[in-house]
K.L.:
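Pasting a structure below so you can have a look.
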Amino acid sequence: MPELPEVETTRRGLVPFVVNQRIATAIVRNHSLRLPVPRSLPRLVAGATIAAVGRRGKYLLFDCGPGTLILHLGMSGRLWIVDHGTPPEPHDHFDLVLDSGTVVRLRDPRRFGLVLWGNGDPLRHTLLAGIGPEPFDAAFNGDWLYRVTRNRTAAIKLVLMDGHVVAGIGNIYANEALFHAGVNPRQAAQRMGPGRCDLLADKIRETLELAIGAGGSSLRDYVGSDGVAGSFQSQFMVYDRAGEPCHRCGTPIKGIRQGQRSTFYCPRCQR
DNA sequence: CGCCAGGCCTGCACGC
DNA sequence: TGCGTGCAGGCCTGGC
């Protein structure tokens with residue numbers, strides 16, 4: 001599901017509908033997400049005005065003044081805008097009802113998502129405190145990547161997907177960024193030299209930027225909050241292309257398993 | 001039927 | 001004894 005580009009697309013789609021809007025109430029139809037939705041949530045958000053919608057990694061942060069509504073879309077979560085009175089469908093677990101008559105609705109069939117409340121600085125919340133630098137932050141660069149990969153014997157792809165190393169990169173964009181950097185996903189992280197770390201950091205940013213520009217990738221469940229499907233999947237170079245010819249050199253794309261996840265790469269372009 | 005799917009936390013075993 | 005590390009398992013539904 002949604003990785004950084006999809007969450008960022010969602011965030012941008014929500015902003016015009018929710019910023020400076022007052023929350024009338026919240027409706028929790030199913031408390032059993034990856035962690036229980038707090039029983040007190042409706043009481044906490046009712047009457048608050050949403051000052052901003054932020055993002056940290058794949059977490060969405062609704063700034064409600066003294067506290068923050070924290071949402072994570074998990075694997076199959078989708079957040080979008082419906083009119084007040086729109087009947088909920090199966091897996092519509094959570095509504096944020098605004099005074100304006102707009103409803104922010106969470107649908108998440110697999111229920112790996114999260115709806116939480118954070119008091120004070122949301123970045124100090126246990127689940128957010130340890131997240132690595134944002135890819136578009138100055139703190140994320142080749143130097144950082146070089147530093148955090150020292151002594152890491154794990155494959156570079158697994159390290160990229162570790163949220164403590166860099167925020168927001170999941171399976172799709174790890175695969176895609178490694179292709180664009182010409183790095184073999186099985187490469188031991190510690191064997192990446194400074195030059196390759198620089199290149200990889202650049203390609204991560206580039207890949208994510210392009211995906212955000214395309215409104216993210218629409219696979220299975222994901223559609224942007226404006227209801228418009230993203231189109232970046234048409235630009236996938238390797239993801240889900242096992243056996244198909246590399247767009248650059250024609251060599252069949254390889255599909256392997258790493259850490260119980262699917263990896264795709266071009267054995268010729270990625271060394 | 002079994003396997004796979006965009007995430008990520010926890011717990012365990014291991015080596016230093 | 002403690003740490004970093006790296007796996008496996010778990011949470012769920014739906015599609016093939």
Side-chain angles (χ1 to χ4, degrees), chain A residues 1-11 29-37 55-60 70-79 89-94 106-116 125-132 147-178 185-186 188-190 204 207-208 211-212 214-225 229-243 255-264:
Chain A
M1 113 44 46
E3 301 183 32
L4 188 150
E6 290 74 36
V7 177
E8 178 61 20
T9 299
T10 298
R11 189 193 71 77
R29 296 187 194 83
N30 190 342
H31 287 264
S32 129
L33 301 187
R34 183 154 61 86
L35 295 173
V37 179
R55 179 188 55 75
R56 180 79 176 95
K58 297 168 192 162
Y59 290 88
L60 284 167
I70 303 171
L71 270 90
H72 193 287
L73 302 178
M75 292 276 257
S76 60
R78 169 185 165 190
L79 202 54
E89 290 183 32
H91 312 304
D92 286 346
H93 308 307
F94 178 79
L106 173 71
R107 179 175 303 171
D108 183 7
R110 293 178 70 183
R111 285 192 273 136
F112 287 2
L114 296 171
V115 177
L116 300 169
H125 190 283
T126 332
L127 295 178
L128 282 82
I131 300 178
R147 192 150 66 78
V148 296
T149 50
R150 291 317 86 191
N151 303 322
R152 291 203 66 166
T153 53
I156 184 64
K157 191 214 174 200
L158 298 178
V159 174
L160 284 190
M161 290 179 64
D162 179 350
H164 304 272
V165 169
V166 53
I169 301 185
N171 201 28
I172 291 179
Y173 296 103
N175 278 299
E176 292 298 305
L178 286 165
R186 293 188 295 193
Q190 62 184 353
I204 287 169
T207 305
L208 295 175
I212 293 169
S217 307
S218 300
L219 299 181
R220 301 175 183 90
D221 312 288
Y222 180 74
V223 179
S225 49
S231 65
F232 189 72
Q233 68 276 13
S234 67
Q235 297 177 56
F236 287 166
M237 298 298 278
V238 290
Y239 182 76
D240 207 20
R241 297 195 62 241
I256 61 170
R257 301 286 293 176
Q258 286 183 295
Q260 302 159 229
R261 309 298 297 274
S262 296
T263 294
F264 305 93

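In what follows, chains carry the letters A, B, and so on, assigned in the order in which the sequence lines appear, proteins first and then strands, with residues in each chain numbered from 1.
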K.L.:
With rounding to the closest Å, how many angstrom separate the P atoms on C:dT1 and B:dT10?
P.N.:
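Comparing P positions in C:dT1 and B:dT10 gives a spacing of 24 Å.
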
K.L.:
Keeping the roles fixed (side chain from A:Glu3, backbone from A:Asn171), state whether a donor-acceptor pair exists under 3.5 Å.
P.N.:
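The answer is yes, because a donor-acceptor pair under 3.5 Å joins these two groups.
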
K.L.:
Base, sugar-phosphate or nothing for A:Tyr59? Non-hydrogen atoms, less than 4.0 Å.
P.N.:
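Sugar-phosphate contact only - A:Tyr59 comes under 4.0 Å of backbone atoms but never of a base.
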
K.L.:
Would you please enumerate the stems DNA chain B participates in, each stem being three or more consecutive Watson-Crick or G-U wobble pairs with both distances under 3.5 Å?
P.N.:
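B:2-5 with C:13-16, B:7-16 with C:2-11 - these are the stems of 3 or more pairs that involve DNA chain B.
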
K.L.:
Considering residues at least two apart in sequence or located in another chain, which fulfil the side chain to side chain donor-acceptor pair (under 3.5 Å) criterion with A:Arg186?
P.N.:
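So A:Arg186 forms a side chain to side chain donor-acceptor pair (under 3.5 Å) with A:Tyr265.
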
K.L.:
According to side chain to side chain contact (heavy atoms under 4.5 Å, CB included), who are the partners of A:Glu89, at least two apart in sequence or on a separate chain?
P.N.:
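A:Asp92, A:Arg107.
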
K.L.:
Using a 4.0 Å heavy-atom cut-off, write out nucleotides 6-13 of chain C from 5' to 3' as B (base contacted by protein), S (sugar-phosphate only) or - (no contact).
P.N.:
S-B--BBB

K.L.:
With sequence neighbours left out, write down each residue that passes side chain to side chain contact (heavy atoms under 4.5 Å, CB included) with A:Val166, or none if nothing qualifies.
P.N.:
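Only A:Pro135, A:Phe140, A:Ile169 meet the side chain to side chain contact (heavy atoms under 4.5 Å, CB included) criterion with A:Val166.
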
K.L.:
Only counting residues at least two apart or in another chain, list the ones meeting ring pair (Phe, Tyr, Trp, His ring centres under 6.0 Å) with A:Phe264.
P.N.:
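Expected list: A:Tyr239.
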
K.L.:
I'd like to check the side chain to side chain donor-acceptor pair (under 3.5 Å) partners of A:Arg34; sequence neighbours left out, ordered by chain and number.
P.N.:
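Here no residue qualifies.
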
K.L.:
Tell me, please, which residues at least two apart from A:Thr263 pass side chain to side chain donor-acceptor pair (under 3.5 Å).
P.N.:
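Partners of A:Thr263 under the side chain to side chain donor-acceptor pair (under 3.5 Å) test: A:Lys157, A:Gln258.
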
K.L.:
Using a heavy-atom cut-off of 4.0 Å across all strands, would you classify A:Arg107 as base, sugar-phosphate, or nothing?
P.N.:
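No contact.
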
K.L.:
Please enumerate all protein N or O atoms sitting under 3.5 Å from an N or O of nucleotides 12-16 of chain B, with distances to 0.1 Å.
P.N.:
none

K.L.:
Grab the CD-P distance between A:Gln190 and C:dG4 for me, whole Å please.
P.N.:
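After rounding, the gap between these two atoms is 17 Å.
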
K.L.:
Going by the rule side chain to side chain donor-acceptor pair (under 3.5 Å), which residues pair with A:Ser32 if we only count those two or more places apart in sequence or in a different chain?
P.N.:
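Partners of A:Ser32 by the side chain to side chain donor-acceptor pair (under 3.5 Å) criterion, ordered by chain and then number, come out as A:Arg111.
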
K.L.:
Looking at residues at least two apart in the chain, or sitting in another chain, which of them share a side chain to side chain contact (heavy atoms under 4.5 Å, CB included) with A:His164?
P.N.:
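A:His164 satisfies side chain to side chain contact (heavy atoms under 4.5 Å, CB included) with A:Asp162 only.
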
K.L.:
Under the side chain to side chain contact (heavy atoms under 4.5 Å, CB included) rule, collect the residues that match up with A:His72, sequence neighbours excluded.
P.N.:
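Here the qualifying residues are A:Lys58, A:Tyr59, A:Leu114.
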
K.L.:
Write down the distance between CG (A:Leu114) and C1' (B:dT10), rounded to a whole number of angstrom.
P.N.:
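That distance rounds to 14 Å.
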
K.L.:
Taking atom CZ as the centre, does A:Arg147 end up with more than 12 heavy-atom neighbours from other residues, nucleotides or ligands that are less than 6.0 angstrom away?
P.N.:
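Check fails, neighbour count at 12 or below.
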
